Amino acid sequence: MNWQEIVDWASTPGGIAVWLTLALGLFFGTLLISVDRRMRLGREAALIALLAAVASASRVLFAALPNVQPVTLFILMIGLHLGARRATAVAMLTALLSNMALGHGPWTFYQAIAWALVGSSSALLRPLLVNWDGTKVRIIPMAILAFIWGFLFDWIVSMSALAIYQSFEAFLTFILAGLIFDAMHAFGNVLFTIWLAPSLHSLLWLHRRHEAGRWHQELPNDTVAREVFISDGNASQEQQKDPFSEITRLDGDG
Amino acid sequence: MVGFLTIFKWVRVWLPLSILYGLILLYFSGTENWLDIILLISKLVTALLGMQILTWSVPPSDVVRSFEWFLPRLGVSLAIALRLVPRLEESAKWRLETLEERGFVESDSRIKNLRTRASIWPGWLADSLDHAHDLGDAVQSRGLLAPRRWRHGIFRRTWQFALGEEIREDGIHPHNFSDSVQLGLDIEIRLPEGRPIGRHKQLLKGGNIVLLRGPSGSGKSSLLRLIAGVSPWQHPVTVHGKAQLSGHPILGEVDISEGPFEDAISCWIPQDPDRHGIAESVQREFNIARRLSGPWSQQEMLESLREWRLLDKLDSKPEHLSDGEQQRLLLAAHLDRAQPVWLLDEADVHLDEEGFIQLGKAVVKHRARGGLVIVVAHRHARWARIADIEMEIGKNEQPHDYPSVWVDRGEEVGTPPQNDLFSHNLKPVRSGDLVLVQGANGSGKTTLLREWSSDAGLPWLPTSPDRRLLGMTVKEELILQHPILYENSLLEEDTSVTGRAAELESLQSSLLGELGLSHLSMDTPVHDLSTGERRRLSLLPLFMKSPPILLLDEIDHGLDDQTLSHLLAQINHKRQSGCAVVITSHSPDLTAWAKVCGGRVWRIEMGELTEVKN
């Protein structure tokens, strides 16, 4: 097989499915290895486990409603607070755990990749999704992002169909057939954002604030900057002398 | 093994979906392709079923084990997640039960019920986070994140793998520590605002049992956490100074303040055994524990289980064991003879007398090997007999006498349940009665209270206060303690509180004062409160409801003498106002108190309840 044949094959549906899957798999595999190597605290391992367990439980809980589940929002919030790498770890564990109850298939891999992308997107778009000091989540941008991911997520998971059918037509049919379900996912995401995002945000923010200590200092930069500014301000206010203290009254009344 | 019924259930869901999908494909691609589409769908269904059978056939623990080969630390995360899923479910059940007990689901409107149930999820998630912290600390202290130390090189391991042989990990063999074990402390523990809660300057040598005493919140558990090498801020605290451990079998000299450590630096048995067990089965708990301390042998596990009277629980899941049994399982699996320092944080609270004797034997043996044992205990009468050194933290207060009061018994208010589980010939409980229920671990004391509660519609308080706390902050918790208060909180903020809601608010605030909780800030997260404060906060709705019988499970757990005597005074007060009180406990001190108060003592054995004569 010469180079030209490989290039030709790479533009076929089967080829696209293979190289895209490999590229994404390698990229997120690298992120996972990096999370694994960096993990030094049992609490970090347990936090990732808990978030994955909660996301999986919520997915199983809403299994009766077709394609309506809060996992996408959970992963968006985790990406926002804990960054792309840990969101990738949670995404992978969530796909593994929830499919233990709902059934594994080729989609497990694509779900993990799609949720990893979801988490990475919110980590990258953090400045747009939280207010100036990171204490509140902006509901409208978050809802728009969650709505877009409702469709994108399902299309990425549908890549398994591209790999199986090896035909653009069958893939498009697959996507068209699932549009109603994609819309349900998207609208479900918006509803979950309105319902859960503010309290989930404050909980994760409080948790991070609570955890910040000698062995684990990873508060958001804006929070640290704000606190330093406020404490400096307080200190300088304390040191400020009475501006009139060194002025002597010339009329002799003082 | 996959059964016929499981496959039938799977087919019932997936076959109609596949047919539907085939019909959609037919609609879009034209009817002339029907044969191709049937072929495609049948291939798809076969592939799915094959994959599903594979999923069913591989147990989750095998998935974890294979995962650990590639991503060892995320493998630990997966193991914890598998353990957490049933616990999250259990925690949600406790919360729904609490809502029901507080009268929240009596409304006719389903939407209202749903809204109320939805309102408890932040508290549930906050509790789950706290629980995950506990599991994370257990992982850290047991060194499970440390890289594995293989007994053989990579080539020999590959060869063993190819031959299907067991690949062994190296461990530390138990040995005598001679006089090498020393723990030097020169540290101060401070609260976030800078207030010190503990100053320690001691040199503790191996071959001693040290009993650490002090009131709640004096920093005993934080000190033990620090020595165990886990985050000391279970509640936010910072540590200043140095702590040096010498005689560690792997690390030799350890400066504990340089933590965290990947290796286990001591053997730490924390409070609340139901929150610190990692594995999903009794056998795997042993496997995990022995993974680091040496080669695991089944014989050793069986002998240890027999010593701790857990042999019949080998096939049980840890969450199905009673608190006492879970405590014994943690001790049996994790008391690591290779570690020079043992830290026992109220490890005996759930143990019956026989269990405590077993623990005492293990501790004395460890002392004889030259190990150092540090014990935190509120009911220290048991430990004082074998402790070599007693260390006082915080204010040196005289031991409190529990307040005793003689209450005249009134009319009959109930009898314990008689069903398949329990039988008895006891006289009925009368108003003002005090009943203390005793029994060995696993004899069914908690089950008795639960059954009694569901039979007679009485509220009861389980051992762990977290099971009866619904809110994320103190304010949320207080609102969720009564449906009327909750309804009132949903109204506009400027609406003035009147009628029943105002009465309840005033009752609640006076009870807060009586229980010594009026100092609490409303914005404090519930899990930042001390065990004693959480216990009293969870008792508040029971006092508000004033049931004819108060059912309280191990009321003394996690409380210092002063807090406990304060709480017992409140209980006496309730008795005087005509309420009967039923308490379960292993504590000899509480038994003595019950007798002095003219209380009755019941004993459970094999489901038979009998009255113990004075």
Side-chain angles (χ1 to χ4, degrees), chain A residues 29 32-33 35-54 56-57 60-61 89-90 92-94 96-97 99-101 103-106 108 161 164-165 169-170 172-174 176-178 195-196 199-200 202-204 206-207 209-216, chain B residues 10 14 21 24-25 28-29 40 44 47-48 51-52 54-55 60 63 67 70-74 76-85 88-89 118 121-122 125-126 128-129 131-142 144-145 230-233 236-239 259-260 262 472 525 528:
Chain A
L32 284 179
I33 291 171
V35 177
D36 195 76
R37 294 281 172 274
R38 277 160 53 98
M39 205 181 276
R40 286 288 174 274
L41 287 173
R43 281 190 176 197
E44 278 185 51
L47 179 64
I48 287 173
L50 171 82
L51 295 170
V54 171
S56 312
V60 175
L61 188 72
V90 175
M92 191 256 311
L93 289 184
T94 304
L96 255 180
L97 273 176
N99 286 342
M100 277 181 189
H104 279 294
T108 305
I164 292 171
Y165 304 143
E169 288 75 23
L172 280 176
T173 316
F174 194 87
L176 281 174
W195 177 30
L196 301 178
S199 36
L200 202 55
S202 65
L203 184 74
L204 286 169
L206 267 177
H207 166 259
R209 190 73 198 82
H210 187 272
E211 277 298 282
R214 193 164 45 103
W215 289 342
H216 187 81
Chain B
W10 185 89
W14 285 99
Y21 178 55
I24 292 170
L25 279 182
F28 280 104
S29 64
L40 189 73
L44 190 69
L48 291 181
M51 213 164 284
Q52 190 60 51
L54 196 69
T55 310
V63 177
F67 207 80
F70 305 103
L71 299 163
R73 296 183 177 107
L74 283 175
V76 173
S77 281
L78 182 60
I80 297 175
L82 282 170
R83 184 83 164 102
L84 273 171
V85 171
L88 290 176
E89 204 178 302
W121 84 264
L125 195 52
S128 308
L129 262 175
H131 194 149
H133 281 173
D134 288 344
L135 282 176
D137 289 343
V139 162
Q140 184 90 43
S141 73
R142 290 166 201 167
L144 296 184
L145 293 180
V230 299
S231 308
W233 46 89
V237 293
T238 51
V239 179
E262 285 188 336
M472 192 165 85
D528 278 358

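Everything numeric in this text was worked out from a predicted model, so none of it was measured.
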Residues in side-chain contact (heavy atoms from CB on, under 4.5 Å) contact with B:Ala138, at least two apart in sequence or another chain: B:Arg142, B:His276, B:Ile278

Select one option (side chain, backbone, both, neither) describing which atoms of [X] are under 4.5 Å from chain B's heavy atoms.
X: A:Leu97; result: side chain
X: A:Leu200; result: both
X: A:Leu96; result: side chain

So which atom in [X] and which in [Y] form the shortest heavy-atom distance, rounded to 0.1 Å?
X: B:Leu74; Y: A:Leu93; value: O-CD2, 4.3 Å
X: A:Ala46; Y: B:Ala132; value: CB-O, 2.9 Å
X: B:Ser77; Y: A:Ala45; value: OG-O, 2.8 Å

A:Asp36: partners by side chain to side chain donor-acceptor pair (under 3.5 Å), with sequence neighbours left out: none

Rounded distance [0.5 Å steps], CE in B:Met472 versus OG in A:Ser199: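 Here the interatomic distance stands at 7.5 Å.
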
Atom pair CG (B:Leu125) and CG (A:Leu50), whose distance is rounded to the nearest 0.5 Å: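 It is 6.5 Å, given to the nearest 0.5 Å.
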
Residue selection (most heavy-atom pairs with chain A, distance under 4.5 Å) from B:Leu135, B:Leu88, B:Val85: B:Leu88

Max heavy-atom pair count under 4.5 Å with chain B, selected residue of A:Val54, A:Leu51, A:Ile48: A:Val54

